[in-house]
Amino acid sequence: MPLVTLATRAIHDKGASGIGHTLTDPLFEQAVTRTLVLALTVAVICLLLGTLYALALVTAKGPVKALLWGALLVSFWISLLVRTYGWVLLLQPNGVLDKTLRGLGVIHDSLNALQTTPAMYPGMVHIMLPYMVLPIYTSLAALDPSQLRAARSMGAPPLLTFRKVILPQLRPGAIAGAILVFVLSLGFFVTPAFLGGPSKLTVGTIIEREFNSVYDFGAASVMSLALVFVVLAIYLVADRLFRVGEHWTAG
Amino acid sequence: MPLVTLATRAIHDKGASGIGHTLTDPLFEQAVTRTLVLALTVAVICLLLGTLYALALVTAKGPVKALLWGALLVSFWISLLVRTYGWVLLLQPNGVLDKTLRGLGVIHDSLNALQTTPAMYPGMVHIMLPYMVLPIYTSLAALDPSQLRAARSMGAPPLLTFRKVILPQLRPGAIAGAILVFVLSLGFFVTPAFLGGPSKLTVGTIIEREFNSVYDFGAASVMSLALVFVVLAIYLVADRLFRVGEHWTAG
Amino acid sequence: MSIKGDLQDVCVSLGGTPILHDVSLEIPAGSFLTLLGPSGSGKTTTLNVLAGFVSPQSGHVLFDGEPVDKLPPERRSTGIVFQDYALFPHLTVEQNVEFPLKARRVPRAERLERVNRMLELVQLPGTNGKRITTLSGGQRQRVAVARALVFEPRLLLLDEPLAALDKHLRESMQVELRGLQEQLGITTVAVTHDQAEALVMSDLVAIMRAGAVEQVGTPKEVYKRPRTRFVATFLGEANLLRVDDPLVAALGIGWTAQGGDAEVLLRPEDLRLERPEDAPDRPAFYVRRIEFHGARLRISVNPDIRSSTEDLTVSLEACTDAEAWQVGDRVALACDPRAAHVIDPENAAPPAMVSA
Amino acid sequence: MSIKGDLQDVCVSLGGTPILHDVSLEIPAGSFLTLLGPSGSGKTTTLNVLAGFVSPQSGHVLFDGEPVDKLPPERRSTGIVFQDYALFPHLTVEQNVEFPLKARRVPRAERLERVNRMLELVQLPGTNGKRITTLSGGQRQRVAVARALVFEPRLLLLDEPLAALDKHLRESMQVELRGLQEQLGITTVAVTHDQAEALVMSDLVAIMRAGAVEQVGTPKEVYKRPRTRFVATFLGEANLLRVDDPLVAALGIGWTAQGGDAEVLLRPEDLRLERPEDAPDRPAFYVRRIEFHGARLRISVNPDIRSSTEDLTVSLEACTDAEAWQVGDRVALACDPRAAHVIDPENAAPPAMVSA
């Protein structure tokens, strides 16, 4: 329903040439590139961290395991906003990070981290991490522990076991998680808008600006639709390549 | 980490009396009440719709089933923002809903749906529904189909089977889903901020306003923390009562 | 209470794949019939046709001569015990057993009385308030039986009722279940893939293969006089020799002309070993392998000590005489010619599908 | 290749719960020893102590007299076949079997040669490139065995290796597995809960109960001369009579004084039925129940036709004579007094835990 409305609005307000114009706007193109790079980077970082986290989850015992689960679930539940603010407070000029680094004598001027692109990554990664950890964890939990025992009994050193036995079986979960994070990051404007500041625009923030300041519904609609189609296209391609859907509906 | 930063900031900027002052601010109290009511309503609506959706998912066959799954997963993946805009476009003054209703002669003036509280519900429910459907679906899928056959073979009419066999076994999933939706709704400001308009403030939007307009970090921190604690308290109580955690970590 | 059940030329296919092919069965009133076969042979589908969960494409289901094809499962009055019991885990023992009576709107006082009577019958008196999850496997099985019988169904259907229990418990439950069935006189159809269970529990065994019934008969009939090669090899161990094998004549087995494709079935326990010097006119064999099975010895013999042809298997009681045999010994093979049974290859039923 | 394995007074407890209690075992070089017991008796833990996955709190593990307590699993050189095979599903048959050789940095050419030789030995030649998921259960079992043997381990450990296979396949794999073990002469320890499997496959059977070994012996020894009541009832069916039961004397069984708590074991196949008029001095019984088991009849008899005392069980070959018996017949019970075995109640081992 909302999609149909969006489409109607886009065509009605702009017409074909208007749509073309909106999509070739250099500001928009630049934003698309930035969004893709951002989403991809976040996905890759999440992939690495998520795999480590999931491995830690599986191998940890007792209270450590409970703590790791707790952190993951709480992080899932505490609203996006609160977490975003937490990061903002950490990174803002004269924030905790600045003060600490200056206190340690590492830097002298303020980092001014909040208004730069690198600032986007920690926040995004933090928010997206659970979406990566859970599918990888599912893959890991499905891995038969007797396979690890088998590998040990056959004299395999831990690294060989990890490389040849564990990693290949994590792949479906890792791919699903990476795509999910990538796709979510693509349309995810909240954190970048706060952390990246207005000078670093992503598609999400541009759409918001168009909508809020200019009230140019047509342009906002076109961009939203473009975003939806990009996301769907990526998903369909990924599904073809890796059978992600299977993994998700089965899990 | 972010939590610690928040707490430091809150205590540092405001002091004990300041915290008390912020928390007893009538605007804040009003917003808390509104947020609680909103979250509760969304959770209840999601509970009803989610149960129906999950039942439909389980009983549907072939293409209908694929469609239902598809709708659910796409809805999970398309970013919050895009969906929110979709609803905005539908409900805005002179939007599709207005036009349709006026076209049908049901109403004469604009509904002005966007700026009223009822407008919050469809958007919230739409966004939250997947979080409700998935745990209920998990419970349903775990339900042994031979139990339904057993009930039939013993001559039980469908209603009795539903009431005595199916519903009780959905409970753990439904409770987990309802709490998840409630908790997410509590801190979820994006949709209400867009759909509810500035006159209907929730905690989330107040925090945002404090932060954006006034740059009163202290007040924002206190409120954020209060929200986190409320959420955690609700979760812990619910966990005690219904053993939600067990359900989640097992699922 | 006890009714006669009939299947007439029942055919079932699912999505174009034939599952059952012209299955006809007569289940005499009050009898215990077991459907026996490998997995995928259609035995559970047959049970589901009787229960009404599967509608046959053609053919009829009759209860006491009356067609019930049109009746939905809930109106056929069949008590079913599922393989996993399908008890309601959120209800107590009493609420589980009470459920079919509630469905029938039996008043509360009578419900309680019948539940208690039933729980006594399955030797679980006083467990009314217990939760299903606190019961052992054997106790769950009894509750499932009680729930299936409490509403006095016309037919009791058992789907691998003992498969989930361990060996010792399974054997004692076989006796108990059969005793209960005899006591109530209820017509019963059970499904199993366990040959021993089928032989011990049933009045009649129907052996299924690839969607068709190969033979129906008493346990003794199907074991001693199998109609087809499949029945012979599926039920216990079988030595099969072509009728024109010279060994058949050497063992003194007479047979009526049936074509060279016919085979003679010799069960391992029908064969004996003798010392070659005591029986010089008997066929000579070598002992290739001796297995100790507790009560019995299983001895593989072959006319040639290093032959790659299939061994014959002899099963002997593990008495002192039999235990004297050693691998490599020369032995003379003897048998009771009356025990030999000739299988006509024409008997093989056309299967509904190629067996998996 | 073939080494001797020893466990000396091994104790294991997990989180305060004792799992193994003073387990001592001698595994002669080249022999096939089976650990047999009900679930929870500690047999898998014993296997894991040998493999090195479980470290005993006290006691020692010796391979060829040398303590290996300090060696981690990967340095003990034990080939293990797991119950679920634990094959790597993302690798081919060849890659699976090659894995232990890769771990040992064997050069590629030799790896391939050894993999092919091994696949031939387990009768799967030419399956190198097949994916594990396309194999049948029996084929997976063979790949698992090939993978466990390809690096010429000092000890082969089998954890319920045949439990996942169906009856017919299980029986033929028992013979095959045993044949392979004899051919390679590798010392082997298997775990099973299947009595028949233990008796058929092993040189030695160790019967475990509640964390302790109750008896070790050849299959014949443990079946015919069980040390404890538990061993007697766990292995096959047992009629147990107190030595002071008048029936013991009536059957002509002599026994050396051992106190009234001692029991006499009579296996059902050691008992015979005679017509009372032919044997007027034999104890008289009534036939209460006859079960047809194919090769055998299992007949329950009791001195009193409606007694609630436990029946004695007689197992007879299903020949024409035996099939003449009917429920309700009066019979005379006879036995070979040499087959009777007296169990001393003092032999019962102190268990590590109360059995579940």
Side-chain angles (χ1 to χ4, degrees), chain C residues 38-39 136 166-169 171-172 174-175 178-179 182 193-203 205 218-224 226 233-238 267-270 272 288-298 300 311 313 315-320 323 336 338-339 356, chain D residues 38-39 136 166-169 171-172 174-175 178-179 182 193-203 205 218-224 226 233-238 267-270 272 288-298 300 311 313 315-320 323 336 338-339 356:
Chain C
S39 54
S136 71
D166 74 28
K167 187 167 172 284
H168 283 100
L169 191 55
E171 282 171 2
S172 70
Q174 281 169 10
V175 177
R178 181 61 213 254
E182 277 175 349
H193 65 274
D194 181 337
Q195 301 93 303
E197 195 171 297
L199 293 178
V200 169
M201 289 210 298
S202 333
D203 295 312
V205 178
T218 63
K220 226 171 268 185
E221 274 166 22
V222 293
Y223 183 79
K224 301 217 160 178
T233 52
F234 191 74
L235 277 173
E237 226 174 342
R267 292 287 181 196
E269 64 272 15
D270 294 331
R272 289 190 314 277
R288 298 238 289 190
R289 203 184 142 69
I290 301 179
E291 284 171 24
F292 178 71
H293 281 256
R296 306 195 61 83
L297 294 180
R298 186 175 169 282
S300 308
D311 294 338
T313 305
S315 171
L316 299 177
E317 231 170 297
C319 59
T320 331
E323 285 170 12
D336 178 355
R338 287 173 303 169
Chain D
S39 55
S136 71
D166 75 26
K167 188 167 171 289
H168 283 100
L169 191 55
E171 282 170 3
S172 68
Q174 281 168 11
V175 177
R178 181 60 213 253
E182 277 174 352
H193 66 273
D194 181 335
Q195 301 93 301
E197 196 170 297
L199 292 179
V200 169
M201 289 211 298
S202 333
D203 294 312
V205 179
T218 65
K220 225 171 268 183
E221 273 167 23
V222 292
Y223 183 78
K224 302 217 158 178
T233 52
F234 191 73
L235 277 174
E237 226 175 342
R267 293 286 181 197
E269 64 272 15
D270 294 331
R272 292 189 312 277
R288 298 239 289 190
R289 201 182 145 71
I290 300 180
E291 283 170 24
F292 179 73
H293 282 256
R296 308 195 59 84
L297 294 179
R298 187 177 168 281
S300 308
D311 293 340
T313 306
S315 170
L316 299 178
E317 233 171 295
C319 59
T320 331
E323 284 170 13
D336 179 355
R338 287 173 304 167

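For clarity, every value in this text was computed on a predicted model and none was experimentally measured. Chain letters run A, B, ... following the sequence lines, proteins first, then strands; residues in each count from 1.
Between D/Glu323 and C/Lys224, at least one side-chain nitrogen of the basic residue sits less than 4.0 Å from a carboxylate oxygen of the acidic one, meeting the salt-bridge criterion.
Counting heavy-atom pairs closer than 4.5 Å to chain C, the top residue among D/Met201, D/Glu317, D/Arg267, D/Glu171 is D/Glu317. Ranked by heavy-atom pairs under 4.5 Å with chain D, the first of C/Pro219, C/Ser315, C/Gly236 is C/Pro219. Your options are D/Ala295, D/Ser300, D/Ala339, and the one with the most heavy-atom pairs under 4.5 Å with chain C is D/Ala295. Ranking C/Glu291, C/His293, C/Arg296 against chain D, the residue ahead of the rest is C/Arg296, based on heavy-atom pairs under 4.5 Å.
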Run C/Arg289 and D/Val175 through side chain to side chain contact (heavy atoms under 4.5 Å, CB included) and show every step you take. CA-CA 10 Å; C/Arg289 203 184 142 69; D/Val175 177; 3.8 Å; yes
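Residue D/Thr233 touches chain C through its backbone alone, counting heavy-atom pairs closer than 4.5 Å.
Interatomic distance, CG of C/Leu297 versus NZ of D/Lys220, reported as 6.0 Å (0.5 Å rounding).
Note: C/Phe234 and D/His168 have tilted aromatic rings, judged against thresholds of 30 and 60 degrees for the angle between ring planes.
Using a 4.5 Å heavy-atom cutoff, the side chains of C/Gln195 and D/Lys167 are in contact.
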